[in-house]
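Here is the structure we will look at.
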Amino acid sequence: MNLLLTALLTTVGTGEAPTFSKDVAPILFANCVTCHRPGAIGPFNLTTYAEARKRSKLIARVATDKTMPPWKPEDGHGEFLDTRTLTVAQIATLKMWAEAGAPEGDPKQTPKLPVFKTGWQIGKPDIILKMPKAFTAPAEGRDIYMHFVFPLDIKSDIYVKAVEVRPGNLKVAHHAIGLLDSSGTARKKADPKTGGYVGFGGPGFVPSGFTPGFVPGATPRAFEPGSAITLKKGTDFVLQMHYHPTGKAEVDQTEVGLYLTKEKPTKHMLGVLMGSLEIDIKPGDANYVCTDKFVLPVALKVGSIWAHMHLIGKDVKVWAELPEGKTVKLLRIGDWDFNWQDTYLYKEPVTLPRGTVIKTEWRFDNTNANPRNPNNPPKRVLNGEGSTDEMGGVWIGGEVATEGDMWSLLLANVGHYIEVESKKKAK
Ligand code: HEC
């Protein structure tokens, strides 16, 4: 396929090799420089000819094997916004350019670098939650998952129509997730020195909700008109920040903007939490499988999805079996990487009627052949939140039709979770 395409491109084209200015820069500027520019998360810049030429072979390789741009969901399993993928033709161009010795071409043809908007993207927030103290991420070592707790001390319900996380330091801020905690657990865990606590695999409480966070290159957006998150009295906002050490100590003080509306939401947004707590993986097991299923008591319009495993997770699949027999594929990540766990937003909401069975399957590889295995030699792995434990989780965010539906779904999901927990205890 690639060979054919390469041949086709050279014969149909002028026969000349692609150049940086005309062919390669537009690809890099549209797909790479959000992360590979000064002050961003990428380990080097790809903003000039000199920077790209030095790495032309590596660029061709990561494009061909699809490690870059980082994008985990597989085609055919959900259509998402802000996808980061290259077309077959773009990959072929990068490859042909590298093979031709990375020619520059006419610098006058190089397009302008995109301008990255600084400041709040959505506008001035009504409430700004700022990390009380700057956090210093160490130069070396494993990635860090900090949970910063913002006690909101809300007197009565408030409605949030948008959330924007504005990282203080894009060099170390790999991604962020917003969590809601109405159990009071997070504030007890927070260390007054940092205003937060470390939690590798999870926040240490069952979130009462999720909010948009931050992913490099993704556009912060307000919810659809009529949609809002209701923050109830006693709810705290918890920001999970993923820091990726850069070789230099980096200081971050991230802010979260909450945009409020007076209007009570007319749409009812809620999520379904699925998981497995029965995990018990023998050392050497290359294909440990655990599953969960949940029957929707009401119709759900699915808008987003987030999946979770730890380091030896290798494959996660989520699909829905509709009452009339049709199967809808919701997400598949066949090459799980703990460091890239985004929340994926569907281009169009996926409507699942009442009675739909949502199924999830998590697979793990607890062998030496798995380069991400933290144990060498492999050890028995149980469920837990530590970096050498494992988890299987999925959060499906959506909208239901009425307030009554919301309660039905909430109760069913809580009941489901109690069942998942009791299965673990029975083991
Ligand atoms: C969303 C952010 C992001 C985007 C977009 C992105 N990169 Fe990267 N890139 C990274 C990060 C972070 C790393 C460091 C490795 C890691 O953490 O996965 C990296 C590493 C690399 C590496 C080194 C890989 C290695 O094996 O040493 C290359 C080459 C690279 N990127 C090229 C590209 C190219 C080419 C594009 C666009 C087609 C691109 N990247 C888009 C974030 C990004």
Side-chain angles (χ1 to χ4, degrees), residues 2 18-20 23-73 80-99 102 110-111 113-114 116-117 121 137-145 165 167 169-177 212-220 241-248 250 252 310-311 313 333 335-345 371-372 374:
N2 264 350
T19 65
F20 176 81
D23 310 290
V24 171
I27 300 174
L28 302 186
F29 292 0
N31 298 283
C32 317
V33 299
T34 41
C35 298
H36 291 277
R37 68 184 150 107
I41 189 80
F44 45 78
N45 302 331
L46 290 175
T47 57
T48 64
Y49 172 59
E51 289 161 356
R53 191 196 52 185
K54 254 196 291 190
R55 300 190 174 84
S56 62
K57 292 216 168 70
L58 193 57
I59 291 171
R61 203 188 73 211
V62 295
T64 309
D65 68 17
K66 301 200 170 149
T67 47
M68 287 286 149
W71 181 254
K72 290 288 151 185
F80 300 104
L81 290 171
D82 296 324
T83 46
R84 297 186 294 247
T85 48
L86 298 178
T87 62
V88 176
Q90 287 171 324
I91 296 170
T93 302
L94 294 176
K95 225 172 135 195
M96 279 159 37
W97 178 64
E99 278 160 10
T110 311
L113 256 184
F116 292 94
K117 200 173 152 194
Q121 312 278 302
E140 308 280 344
R142 272 235 181 92
D143 289 29
I144 299 172
Y145 287 77
V165 174
N169 185 344
L170 287 170
K171 273 188 245 160
V172 274
H174 197 286
H175 80 253
I177 298 172
F214 157 78
V215 181
T219 318
M241 287 292 302
H242 169 190
Y243 293 115
H244 186 59
T246 65
K248 242 178 67 194
E250 296 281 355
D252 171 57
H310 293 178
L311 297 169
I333 297 176
D335 172 31
W336 175 258
D337 181 345
F338 184 76
N339 286 334
W340 292 105
Q341 32 179 327
D342 300 0
T343 302
Y344 301 105
L345 306 177
R372 297 183 180 120

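Numbering of ligands and ligand atoms starts at 1, following listing order. Predicted model only: the values in this text are computed from it and were never measured. Numbers here are sequence positions counted from 1.
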- request: Step by step, work out the side-chain contact (heavy atoms from CB on, under 4.5 Å) result for Gln90 and Asn31.
  value: CA-CA 10 Å; Gln90 287 171 324; Asn31 298 283; 3.9 Å; yes

shortest atom 28 (C) of ligand 1-to-protein heavy-atom contact is with Phe44 CZ, 3.4 Å

Atom 36 (C) of ligand 1: closest protein heavy atom, distance to 0.1 Å, is Cys32 SG, 2.7 Å

- Message: Can you confirm whether the side chains of Asn339 and His244 place a donor and an acceptor under 3.5 Å from each other?
- Response: no

For Pro70, the ligand 1 atoms with a heavy-atom partner under 4.0 Å come out as 1 (C), 3 (C), 4 (C), 6 (C), 7 (N), 43 (C)

For His244, the atoms of ligand 1 under 4.0 Å from one of its heavy atoms are 17 (O)

For atom 18 (O) of ligand 1, the closest protein heavy atom turns out to be Trp340 NE1, 3.6 Å

- Cation-aromatic face contact Arg372/Phe338, 6.0 Å, 45 degrees: no

Closer than 2.8 Å to atom 8 (Fe) of ligand 1, do we get an N, O or S atom from Met68, backbone or side chain?
-> yes

**Request:** Would you kindly check if the NZ (Lys) or CZ (Arg) of Arg53 is within the cone defined by 45 degrees around the ring axis of Phe20 and under 6.0 Å from the six-membered ring centre?
**Result:** no

Atom 26 (O) of ligand 1: closest protein heavy atom, distance to 0.1 Å, is Arg61 NH2, 3.8 Å

Min over Leu58, Ile27, Asp342 of heavy-atom distance to atom 25 (C) of ligand 1 lands on Leu58

For His36 and ligand 1, answer yes if some heavy atom of the residue is under 4.0 Å from a ligand atom, otherwise no. yes

Side chains of Thr47 and Asn45: is there a donor and an acceptor less than 3.5 Å apart? no

the protein heavy atom lying closest to atom 11 (C) of ligand 1 turns out to be Pro43 CD, 3.7 Å

Subject >> Whether His175 and His242 hold their rings parallel, tilted or perpendicular, with breakpoints at 30° and 60° >> reply: perpendicular

Near Asn31 (heavy-atom distance under 4.0 Å), the atoms of ligand 1 are 5 (C), 37 (C), 41 (C)

The closest protein heavy-atom partner of atom 24 (C) of ligand 1 is Val62 CG1, 4.0 Å

Ligand 1 to Cys35, heavy atom cutoff 4.0 Å, flagged ligand atoms 1 (C), 2 (C), 3 (C), 4 (C), 5 (C), 42 (C), 43 (C)

Query raised in the report: Are any non-hydrogen protein atoms located under 4.0 Å from atom 15 (C) of ligand 1?
Result: no

Hey, is Asp342 close enough to Lys72 for a salt bridge, meaning N to O under 4.0 Å? no

Tyr243 and Asp252: side chain donor to acceptor below 3.5 Å:
yes

Q.
For Thr34, state whether at least one heavy atom is located under 4.0 Å from any atom of ligand 1.
A. yes

Exercise. For the pair Trp340 and Arg84, evaluate side-chain contact (heavy atoms from CB on, under 4.5 Å) and give the outcome as yes or no after the intermediate values.
Key: CA-CA 12 Å; Trp340 292 105; Arg84 297 186 294 247; 4.0 Å; yes

In ligand 1, the atoms that come under 4.0 Å of a heavy atom of Ile59 are 35 (C)

Here the gap from Ile59 atom CD1 to Lys54 atom NZ, rounded to the nearest 0.5 Å, amounts to 11.0 Å

